[in-house]
Number of protein chains: 2
Amino acid sequence: MSAKSDPGRSLALLWGSHTRPGRSGLTVRAIVDAAIELADAEGLDAATMRRVADKIGVGTMSLYTHVPGKAELNDLMVDTALGELYTGVDDPAGHGGWREGLRYVAERNWDVCLRHLWLLDATGGRPTLGPNAVLKYEAELRVLDGIGLTDLQMDSVLTLVLTHVEGVARSHAGLARAQRDSGLTEQDWWRATAPVLERVMTGHDFPVAGRVGEASSQVYQASADPAHAFAFGLDVILDGVQRLLD
Amino acid sequence: MSAKSDPGRSLALLWGSHTRPGRSGLTVRAIVDAAIELADAEGLDAATMRRVADKIGVGTMSLYTHVPGKAELNDLMVDTALGELYTGVDDPAGHGGWREGLRYVAERNWDVCLRHLWLLDATGGRPTLGPNAVLKYEAELRVLDGIGLTDLQMDSVLTLVLTHVEGVARSHAGLARAQRDSGLTEQDWWRATAPVLERVMTGHDFPVAGRVGEASSQVYQASADPAHAFAFGLDVILDGVQRLLD
DNA sequence: GCCTGTACCGTACGGTGTACGCCAACGGAA
DNA sequence: TTCCGTTGGCGTACACCGTACGGTACAGGC
């Protein structure tokens, strides 16, 4: 996403004030907010330059006076969304021990991914390194500071937890988008797919997959349950980190 | 991705033979292979209908005789790539205990993600459920069969490991794409970014992030190292699963 | 040899990001 | 006050995307 942008230019924009208005009152902040509103409502694909400009009531090309291009706008959207994570007094490091702290970190990240289903579509490639991203890194690392891990281990453990959250959140976002685009709920889709799948699979033999798949699909009424995957995986990972500390 | 496709139509196509040729020798298999070659070489974005058709030497719209649309072509690409995972005699369940088996599963998935960097871009949304996907599910579940887990736990553990692999592989693929698009290696980019970041961060105070970030970036010569994240995370997760078994 | 179904494909439409160039409004100098 | 250089705003145009639609020409049944 933030691929073809000059690092210096992009960083300066990210760390800038975003509020200095032009002749018609147009600001970077307004552009980013409009783009986020569109993406929240209809997905990242809906946040096109034309639609963002229309929403503000401004010509498409006027956006380019304040923002170098689409890639940088995406970076700004991401850093703005990350700003919602630990605003105010909710310091993750103040939530008991490392285990409760890590769980809190995971849950806040999970929340923000659900609130902005486009977030994970907009990341990838080099990290953005805006002010809120750095603030987040600092706040989350403090949870693991001084509990007996090396600096590299702190970074690795945090990365592991965040990778897990991102993975299940991406799964959840994918299913939500599929539901919105197709109009079929997860249960509808599974009820429509399961019989066809069963018919097409006759003749082949999948003993374990058949048994396990049936068991889990009966519980979830779907092919997967990201919320359960989030909780289960987090417990296992925290247990693994516990063993690392011993 | 496989959003707007009729499940029945898509499943029938996935489980079909793919080799029945038309008048000009055009087959589904040839279309899918050409698309995969393009995606391997230049990323998923390069696998457009026009370029796939050009590569085969056929009119763009001729593809639509054999494939309903782009979404279904993506599904076919994914299932074909998954077919490379456990071809032949490499049964993951035959690699010692559950721990070695799970590690083998993770490594094979990691390998295929590196070989086809577009794979994770093409998934998401409802699962594809082609023959190779089901075969993969069966082979991977057998690793966890009969070691004392419930059916649901088997599914959850497998999902956890695969989510981890997908997460770090996605990170790796993102960095690789950024490198290809920008022409800058990870080291180049970090050397260009770090000083700007340091300058722009002066005035703010990030004690832990500064210390840890500097430590890990000096080791990785970058902002992240997916290969290390893969190995570290896998060990922690396997330890957590071990505790689950106790 | 003829007819019909269908594989193939040329054209066109509505969408995307953005390069380019024009116009008007503003700030400062004379 | 007048003038002019700078700059914010934006209309047009281009190259690309997926694909709906309709025309053409070939293969197989009679």
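The chains referred to below are lettered A, B, ... by the order of the sequence lines, with proteins before strands, and numbering in each begins at 1.
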May I ask you to test the A:S182-B:R126 pair for a side-chain heavy-atom distance under 4.5 Å?
yes
Is any side-chain heavy atom of B:L85 less than 4.5 Å from a side-chain heavy atom of B:N132?
no
For the CG atom of A:L76 and the CG atom of A:L13, what is their distance to the nearest 0.5 Å?
4.5 Å
Rounded to 10°, the angle between the first-five-pair and last-five-pair axes of the helix from C:dG1-D:dC30 to C:dA30-D:dT1 is 20°
Among pairs that include at least one residue of [range], which meet salt bridge (Lys or Arg N to Asp or Glu O under 4.0 Å), considering only residues two or more places apart or in two chains?
range	result
residues 131-141 of chain B	B:K136-B:E140, B:E138-B:R142
residues 56-66 of chain A	none
residues 27-40 of chain B	B:E37-B:K55
residues 42-51 of chain A	A:E42-A:R51

Provide a list of protein-nucleic acid N or O atom pairs under 3.5 angstrom, restricted to nucleotides 15-18 of chain D.
| from | atom 1 | to | atom 2 | distance (Å) |
| --- | --- | --- | --- | --- |
| D:dC17 | OP1 | B:T48 | OG1 | 3.0 |
| D:dC17 | OP2 | B:R50 | NE | 3.4 |
| D:dC17 | N4 | B:R50 | NH2 | 3.4 |
| D:dG18 | OP1 | B:K70 | NZ | 3.1 |
| D:dG18 | OP2 | B:M49 | N | 3.1 |
| D:dG18 | N7 | B:R50 | NH2 | 2.9 |
| D:dG18 | O6 | B:R50 | NH2 | 3.0 |

Suppose the criterion is ring pair (Phe, Tyr, Trp, His ring centres under 6.0 Å): which pairs have a residue in [range], not counting sequence neighbours?
range	answer
residues 36-80 of chain B	none
residues 112-137 of chain B	B:H116-B:W118
residues 160-194 of chain B	B:W110-B:H172

Of the residues in residues 53-63 of chain B, which ones touch DNA chain C at a heavy-atom distance under 4.0 Å?
B:V58, B:G59, B:M61, B:S62
Could you check whether any side-chain N or O of B:N74 sits under 3.5 Å from a backbone N or O of B:T123, counting only pairs where one atom can act as donor and the other as acceptor?
no
Using modelled atom types and a 3.5 Å cut-off, is there a donor and acceptor pairing between side-chain atoms of A:D75 and backbone atoms of A:T128?
no
Without decimals, in angstroms, what is the distance between A:L44 CG and C:dG17 C1'?
14 Å
From CD1 of A:I31 across to P of C:dG17 the rounded distance in Å is 14 Å
Show each protein N/O and nucleotides 3-5 of chain C N/O combination with a separation under 3.5 Å, one pair to a line.
none

Residue set satisfying salt bridge (Lys or Arg N to Asp or Glu O under 4.0 Å) with A:R180, at least two apart, ordered chain then number -> none
